[in-house]
Structure formats: C-alpha cells, structure tokens
S.K.: 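My questions will all concern the structure given below.
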Amino acid sequence: MRLKVTFVLFLWILPLALANLRVGFYRRSCPNAESMVRAAVRRRLTRDKSITAALLRMHFHDCFVRGCDASILIDSNRKSSSEKDAGPNLTVRGFELIDEAKKALEATCPSKVSCADIITLATRDAVFLSGGPFYFVPTGRRDGLVSDPDEVNLPGPTLTVSEAFQAFRAKNMSMDDMVTLLGAHTVGVAHCSFFLDRITRPDPTMDRGLAAKLRSICGAASGSNPDPTAFLDQATPFALDNQFFKQIGLKRGVMKIDQELANDPLSRRIVSGFAANATLFRTRFAQAMVKMGNIQVLVGNAGEIRRNCRVFNPRRRI
C-alpha cells in the first residue's frame, strides 16, 4: 500500500516541477545525496521531535523571500546584516542540522549539492519521519547571492485570512495551498506573545478550556523563559496529521490566523474537508510542499553552490 500511494503521489506531483528541476537530479553527481540528508534528519529526530516544525518554518521563511535559494542560512557579519536578523527570523532554528548534512555532502561530493536543496530534502524527510506523506522532491536548485533583512516581509499570525492570502497569491499559491500549508502548524508551537491578546480578554472564538490552559502556560513566564511556548495542536503535537484542522473546528486554534481558517467563508470548507479526510490532507500537503519548493528557484548557471551554507563563496577576481 505504501508503494502504491507513493507512486500515485509521484504521478500527481511531478507535473508541478519546473523544467529545470527534476527528481533524481543528483543521481550521477552525488548518488547518495538524498540518503545522506535523510540520515542527518533521522539522527536529529531521535533526540528532538520538534525539529520537523523548525524545518517546515525554515523552508517557508526561505521560499517566501527571494524564492527557495537558502538566503535564510547566511550569517550576518560586521559589514552587513542578513535575513537572520529580520524580526520574523529571530526564532527560526535548525541551522546546525543543515550544516551537518552539508559537511557530510562536501566530504563526499564537493560543490555538488546546494544548500537550497538540502533545506527542501531535509524538510521532506522530517515530514515523512513524523508520520506525514513521503513525496518525491524535484532538485537542482542553486543558492542565492543576496540575503537582505529588509526584504523579509512574511504574513504574520494576527492577519485575517484575506490579508494572509495576499502574500500567498503573490507567490502564485492558491487559497487551497495556503490552508494546506498552514496545516504544518499541526507540529508547531507559538510563543505567548503571538496570542496573548486572545487569552487576556474573553474571546468567543476560543474554547474556554483551551484559554485557561494557555493562561496557565503563559503565566509561568520567568526570567529564564520570558516568553513560553504552547503547542498549536493540542492533540498530536509531534505528528504530521490532520488533527490541527479538527482542533480549529472545535474553537481550539491558538493563533488568530489558525482559528480564522475555520471561521472564514473563504477557507472553512477546505478546513472541514481536511478535518474529515486525513488522506486528502496528506495528498494535498505533499503537492503544496512541492509547489512551494518551486517558488522563484535559481537553476542552471544562476546563483552558486555554496561550500558553506552560512557564507557566500568568495568572489573570484577578474
């Protein structure tokens, strides 16, 4: 059954790949590339189940700024700041996992596998190893040459569905794509500062029991942990499944945008469909992830293949 489902997903997803990206891009230049990335993800997951959420967030934050070009991985230096310095990226994590995979790949296949592809592959593997669907990832991305914090403009958790959709539509993503991708919150967490306004005063759109639980979590803030976190899925927080959609259907959405997905006429039918059909969500999630991974990619001779994902390659003097 697993092989049959995987094959069907392959048939549906492949047409979404750009002409210059292809499944198995590294088959000749670095035959073990995908298995090496998967091994790094598997090792990390054994000690940190939250890494799936971290990679999903990293992938999204990368692709929605200049496209999927690993610009989010660049470190700031004394001369210039990078995307990592932008407010929405200050809590992005998982960079050391990408470093680990890159180091192994450089030792085996120097300057062959891009950091952008490592992010994409690692995210796919984390999704699968957390109970989500396996999907074939077209590869062949190249790494970007710019990382500017001023270009980071991502949809936030306090937006309405219509406002959030403007950002997705600008990337040629549909409303169905947006709702599907926000389903990644099923393995996510949010800092209290992102939803405090919903629990400090009566909110008719939030379940009372959940509000009380969240007030307890946020009330435990301390000097060492001034901004605690809460799971966005109260049922199965480490499993990539459709429980998130069931939860928001019961007024158990933690962040405003999550709950509005279930309430807004533009999205509630999609939410109810995913809540009722786990297979439908798995299929659409795989498709939406591949589609997002194709946003404004660099291919061919554009960009570069970084040797260190945190810094641009030294420029050649002409």
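Predicted model, so just to flag it, every value in this text is computed and none were measured. For the numbers below, each heavy atom of this structure counts, side chains included, while hydrogens, waters and symmetry mates do not. For reference, positions follow the sequence shown, starting with 1.
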S.K.: Can you tell me how far the CZ atom of Arg57 sits from the NE2 atom of His185, to the nearest 0.5 Å?
M.R.: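 Reported value, rounded in 0.5 Å steps: 8.5 Å.
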S.K.: Give a yes or no answer on whether the side chain of Arg141 reaches the backbone of Pro138 with a donor-acceptor pair at less than 3.5 Å.
M.R.: yes
S.K.: Does CG in Asn277 sit with more than 12 non-hydrogen atoms of other residues, nucleotides or ligands closer than 6.0 Å?
M.R.: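 Above 12, so yes.
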S.K.: Could you check whether the rings of His191 and Phe194 sit parallel, tilted or perpendicular, using 30° and 60° as the cut-offs?
M.R.: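 Tilted: the ring planes of His191 and Phe194 meet at 30° to 60°.
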S.K.: Ignoring hydrogens and geometry beyond distance, is a side-chain donor-acceptor pair present between Asn32 and Thr108 at under 3.5 Å?
M.R.: no
S.K.: Is the side chain of Asn20 donor-acceptor paired with the backbone N or O of Val299 at a distance under 3.5 Å, no angle test?
M.R.: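 No, the answer is negative, given that no donor and acceptor are paired below the 3.5 Å cut-off.
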S.K.: Do the side chains of Ile74 and Val65 join up, straight or via other hydrophobic residues, at under 4.5 Å, putting them in one cluster?
M.R.: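 No; Val65 is not reachable from Ile74 via cluster members.
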S.K.: Checking the side chain of Lys84 only, and the main-chain atoms of Leu73 only, is there a donor and an acceptor separated by less than 3.5 Å?
M.R.: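 Side chain of Lys84 to backbone of Leu73: a pair is present.
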S.K.: Looking only at atom types and distance, does a side-chain atom of Gln259 sit under 3.5 Å from a main-chain N or O of Ile248, one as donor and one as acceptor?
M.R.: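 Side chain of Gln259 to backbone of Ile248: a pair is present.
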S.K.: If you draw a 6.0 Å radius around NZ in Lys171, do more than 12 non-hydrogen atoms from other residues or ligands fall strictly inside?
M.R.: yes
S.K.: Are Val297 and Val146 co-members of a hydrophobic cluster defined by side-chain heavy atoms under 4.5 Å apart?
M.R.: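 Val146 and Val297: separate clusters.
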S.K.: So, the side chain of Ser147 versus the backbone of Ile72: is there a donor-acceptor pair under 3.5 Å, distance only?
M.R.: no
S.K.: In sequence, state the C-alpha distance, the side-chain angles, and the governing distance for Asp85 and Ser82, and then conclude on side chain to side chain donor-acceptor pair (under 3.5 Å).
M.R.: CA-CA 6 Å; Asp85 279 344; Ser82 71; 5.3 Å; no
S.K.: Decide whether Thr236 and Asp233 meet the rule of one side-chain donor and one side-chain acceptor closer than 3.5 Å.
M.R.: yes
S.K.: Relative to each other, are the rings of Phe60 and Phe168 parallel, tilted or perpendicular (30° and 60° limits)?
M.R.: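 Rings of Phe60 and Phe168: parallel, under 30°.
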S.K.: Treating Ser81 as the side-chain partner and Ser76 as the backbone partner, does any N or O pair qualify as donor plus acceptor under 3.5 Å?
M.R.: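 Not a single qualifying donor-acceptor pair exists.
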S.K.: Show your working on side chain to side chain donor-acceptor pair (under 3.5 Å) between Ser224 and Ser222 and close with a plain yes or no.
M.R.: CA-CA 5 Å; Ser224 60; Ser222 64; 3.2 Å; yes
S.K.: Counting N and O atoms only, with roles assigned by atom type, does the side chain of Arg142 sit under 3.5 Å from a partner on the main chain of Ala302, one being a donor and the other an acceptor?
M.R.: yes
S.K.: Are Phe95 and Val152 connected in the hydrophobic side-chain network, where two residues link if heavy atoms are under 4.5 Å apart?
M.R.: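 Yes; tracing contacts between hydrophobic side chains, which count when under 4.5 Å, links both residues.
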S.K.: Would you say Arg310's side chain and Asp99's backbone share a donor-acceptor pair under 3.5 angstrom?
M.R.: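 Looks like no, no N/O pair under 3.5 Å.
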S.K.: Any chain of hydrophobic side-chain contacts (each under 4.5 Å) joining Leu159 to Met178?
M.R.: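 No.
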S.K.: Can you tell me which residue among Arg198, Lys256, Glu260 is in a side-chain hydrogen bond (donor to acceptor under 3.5 Å, both in side chains) with Thr205?
M.R.: Arg198
S.K.: Does Asp117 form a side chain to side chain donor-acceptor pair (under 3.5 Å) with Thr120? I'd like the steps, not just the answer.
M.R.: CA-CA 5 Å; Asp117 276 343; Thr120 306; 4.9 Å; no
S.K.: Within the distance-only criterion (no hydrogens, no angle test), does the side chain of Arg215 pair as donor or acceptor with the backbone N or O of Ile199 below 3.5 angstrom?
M.R.: yes
S.K.: Does atom CG of Asn225 have more than 12 heavy-atom neighbours, drawn from other residues, nucleotides or ligands, at distances under 6.0 Å?
M.R.: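 Count over threshold, so yes.
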S.K.: Does the Asp143 side chain pair with the main chain of Ala116, one donor and one acceptor, at a distance under 3.5 Å?
M.R.: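 Confirmed, Asp143 side chain pairs with Ala116 backbone.
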